[in-house]
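Model, not experiment: these values are computed from the prediction.
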Amino acid sequence: MTSAAGDHSAVRDLLARSNRLGADPTTTNYAGGNTSAKGTDTDPVTGRPVELVWVKGSGGDLGTLTADGLAALRLDRLRALVDTYPGVEREDEMVAAFGYCSHGKGGAAPSIDTAMHGLVDAAHVDHLHPDAGIAIACAADGEALTKEIFGDRVLWVPWRRPGFQLGLDIAAVARANPQAIGVILGGHGITAWGATSDECEARSWEIIRTAQAYLDSRGAPEPFGPVRPGYEALPQAQRRERAAALAPAIRGLASTDRPQVGYFTDGDAVLDFVSREKLEPLAALGTSCPDHFLRTKVAPLVLDLPAAATADEQIERLRELHASYREGYRAYYERHASPDSPAMRGADPAIVLVPGVGMFSFGADAQTARVAGEFYLNAINVMRGAEAVSRYAPIPESEKFRIEYWALEEAKLARRPKRKPLASRVALVTGGGSGIGRAIAARLAAEGACVVVADRDGESAAAVARELGSTDVAVPVTVDVTDSAAVNAAVDRAALAFGGVDLVVNNAGLSISKPLLETSDDDWDTQHRVMARGSFLVARAAAKAMIAQGMGGDIVYIASKNGVFAGPNNVAYGATKADQAHQVRLLAAELGEHGIKVNGVNPDGVVRGSGIFAGGWGAQRAAVYGVAEEDLGAFYAQRTLLKREVLPEHVAAAVFVLTGGDLSHTTGLHIPVDAGVAAAFLR
């Protein structure tokens, strides 16, 4: 879309309406539903007025929709497609035809629902997926309920896959029923229309709120049946502890075909659903609204053990159920696939339900994983509503397959941006609140990783996490790496936020520069507690999670040139860096059988942006070398072979090189990042 389109009054009203409707996930799902407005604009070729329809483009999100996310089509050409429509068996061809109806540069790619917006004879149209509306749409007697609830003000349209024919069906209902304000789409959602944007929005809300009021006033009190003894929710602290213990193993199972990021949810609605007698039969029916099972797959994996089972018992049973799930999914694919169906995308579950604990959802990135969980929560709400007033009766399995393996959806997947090198990987960076750690966290996030920014200074960690983006990109955790309980909690944070951990950077550190005779017991112990002990504790906790995942991993130590080079007045720091350097070799030898690579980076002279140097180390080293503190970086640069100053970003680049995929067969290596210090060459 051009900026001029955003200035059109109809477009401004459309965007404002869309953002309001999309703000509540119970009204429509993320990237689901679509809205439109019709109006007159100027043809850029003829200079004459032309009737247009602006409609949310394919894959856009109503809550964050902007003018650039709208498709703009000429209404006369769009409606002329009715005369050339080849019939429902070839309706997918119409999506390509929409491109010939574009106005100007056309804006976003038109969605499959464009027909209903253009063919319905109303200036404004909303198509939404509200929980209350879908509950009626997926009830066994949805048509009768629609008549009872709405009379002839809202009408029933039987299930039909989204497309040109559905647009024709809705348009015909609207023409034949001038009193109607909208329709309930069987197994799908709602559509409303109006002469003005305000009227259309008001009618959408009327349908949603009227349906919800009916469910609230007429629904059964326990639509999911009674609570099963032993399946009640664990207390919150125990529940979160169990979820963190299960998450890496479940993520590993869900990543059998391709790596996935996880997300954990234990809201009241989820915990109630997984505690009830109807959990397994309802979950087996799967979701219904097309947007739902595109995100959540045809059905979830449900653990059939009570909350009192041990974590080990639950993991063992999940492995058995996962194998059965994969067999069942493959059978589902083979039952319905035709010779021209897209290849099976993977047989792992996107949703895993654990009684007493909550829901784990998975996707190629953190946002997709989180949204999958949100969609299944919508599905729970739909099932609750349908069971409260009738019986939940989703669309047939064959129709679900037609949506899940629709060629048009395959094309949408193909339009996604190229995956970044660290996509689907979860990184934990200690000392991430400043200096080298901050630079590493930023580089890993830029390369696609989900990052847990760990630092003793919680405010600094939170500030860095905010800089990196939303909680789909980075989360902070306050941790003292000398405390094993705090370290374990940090790894648990990674498990609850993103499903586990794949990449750990042992960067936390401090520096005490003193001659031997001035180095106190406390100096020595402090230096070794933070770096030697701290690195050991972090590596141990992370390796436990990585082994449980079974997905391999990377552990990177930010060691130092001083672990190799014997400099003056530096015994405590140099000795603990040598300890870290040997931990790299020891752990590389031990963890290789699990596919976990352990490598190190040996920086030197990182003055600018360094928390260590700013904390007094710089002044101490400057005094040792007899230079002004502000000249220390330049001093270090001049003593190198390359005569270049080393910055935190250079260390971050080395970490990425070790973990980005090109060095997949390298472990036990130390990479110098010191601009060339011959005395520190590895021998």
Inter-residue atom distance [X].[atom1] - [Y].[atom2], 0.5 Å rounding:
| X | Y | atom1 | atom2 | value |
| --- | --- | --- | --- | --- |
| L353 | Y376 | CG | OH | 5.0 Å |
| I380 | I351 | CD1 | CD1 | 8.5 Å |
| L303 | I250 | CG | CD1 | 8.0 Å |
| R384 | K278 | CZ | NZ | 12.0 Å |
| L15 | K56 | CG | NZ | 12.5 Å |
| Q236 | L271 | CD | CG | 10.0 Å |

Check whether [X] reaches the backbone of [Y] with its side chain - one donor and one acceptor, N or O, closer than 3.5 Å.
| X | Y | answer |
| --- | --- | --- |
| N177 | V173 | yes |
| R203 | W193 | yes |
| T28 | G22 | no |
| R391 | A140 | no |
| E277 | P226 | no |
| S217 | A213 | yes |
| T256 | L253 | yes |
| S111 | D113 | yes |
| E327 | S324 | no |

Does [X] [atom1] have over 12 foreign heavy atoms under 6.0 Å away?
| X | atom1 | value |
| --- | --- | --- |
| E89 | CD | no |
| E241 | CD | no |
| R330 | CZ | no |

[X]/[Y] ion pair, N-O < 4.0 Å:
| X | Y | value |
| --- | --- | --- |
| E404 | K297 | no |
| R317 | E320 | yes |
| D365 | R370 | no |

(message) Under the criterion ring-ring contact (aromatic ring centres under 6.0 Å, His included), I'd like the reasoning laid out for Y332 against F401: C-alpha separation, chi angles, the key distance, then a yes or no.
(response) CA-CA 8 Å; Y332 153 77; F401 182 86; 5.6 Å; yes

(message) Please verify the inter-ring angle class for Y405 with Y333; under 30° counts as parallel, over 60° as perpendicular, anything in between as tilted.
(response) perpendicular

(message) Parallel, tilted or perpendicular: which one describes the rings of H188 and H127, with boundaries at 30° and 60°?
(response) perpendicular

(request) Kindly determine whether F362 and Y263 satisfy ring-ring contact (aromatic ring centres under 6.0 Å, His included), including the steps that lead there. (result) CA-CA 6 Å; F362 297 93; Y263 184 80; over 10 Å; no

(message) Determine whether I170 and L119 satisfy the following criterion, side chain to side chain contact (heavy atoms under 4.5 Å, CB included), listing intermediate values before the conclusion.
(response) CA-CA 8 Å; I170 297 172; L119 301 182; over 6 Å; no

Do [X] and [Y] have side-chain N/O donor and acceptor atoms under 3.5 Å apart?
| X | Y | value |
| --- | --- | --- |
| R419 | S424 | yes |
| H129 | N378 | no |
| D340 | S338 | yes |
| T26 | D24 | yes |
| Y30 | Q367 | yes |

Find out whether [X] and [Y] are in side-chain contact, i.e. whether some heavy atom of one side chain is under 4.5 Å from a heavy atom of the other.
| X | Y | value |
| --- | --- | --- |
| N29 | E374 | no |
| R228 | R276 | no |
| T191 | L185 | yes |
| V352 | M359 | no |
| L62 | L128 | yes |
| D266 | V357 | no |
| R17 | S197 | yes |
| L166 | V157 | yes |

(message) Under the criterion side chain to side chain donor-acceptor pair (under 3.5 Å), I'd like the reasoning laid out for H322 against D348: C-alpha separation, chi angles, the key distance, then a yes or no.
(response) CA-CA 8 Å; H322 176 253; D348 297 317; 2.8 Å; yes

(request) Compare every heavy atom of A192 with every heavy atom of I207, then report the nearest pair and how far apart it is. (result) CD1-CB, 3.9 Å

(request) Please report the C-alpha distance between V302 and L279 in whole Å, then the side-chain angles of each, then the deciding distance to 0.1 Å, and finally whether the side chain to side chain contact (heavy atoms under 4.5 Å, CB included) criterion is met. (result) CA-CA 8 Å; V302 180; L279 164 63; 3.7 Å; yes

(request) Using the salt bridge (Lys or Arg N to Asp or Glu O under 4.0 Å) rule, collect all pairs that involve residues 132-150, keeping only residues at least two apart or in two chains. (result) E148-R218

(message) Does L14 form a side chain to side chain contact (heavy atoms under 4.5 Å, CB included) with T35? I'd like the steps, not just the answer.
(response) CA-CA 7 Å; L14 170 61; T35 51; 3.5 Å; yes

(message) Please evaluate residues S398 and H336 with respect to the criterion side chain to side chain donor-acceptor pair (under 3.5 Å), reporting the C-alpha separation (whole Å), side-chain torsions for both, the decisive distance (0.1 Å), and the verdict.
(response) CA-CA 6 Å; S398 58; H336 303 293; 5.2 Å; no

(request) Any chance you could lay out the side chain to side chain donor-acceptor pair (under 3.5 Å) test for S204 and D126, step after step, and finish with the verdict? (result) CA-CA 7 Å; S204 291; D126 292 336; 2.8 Å; yes

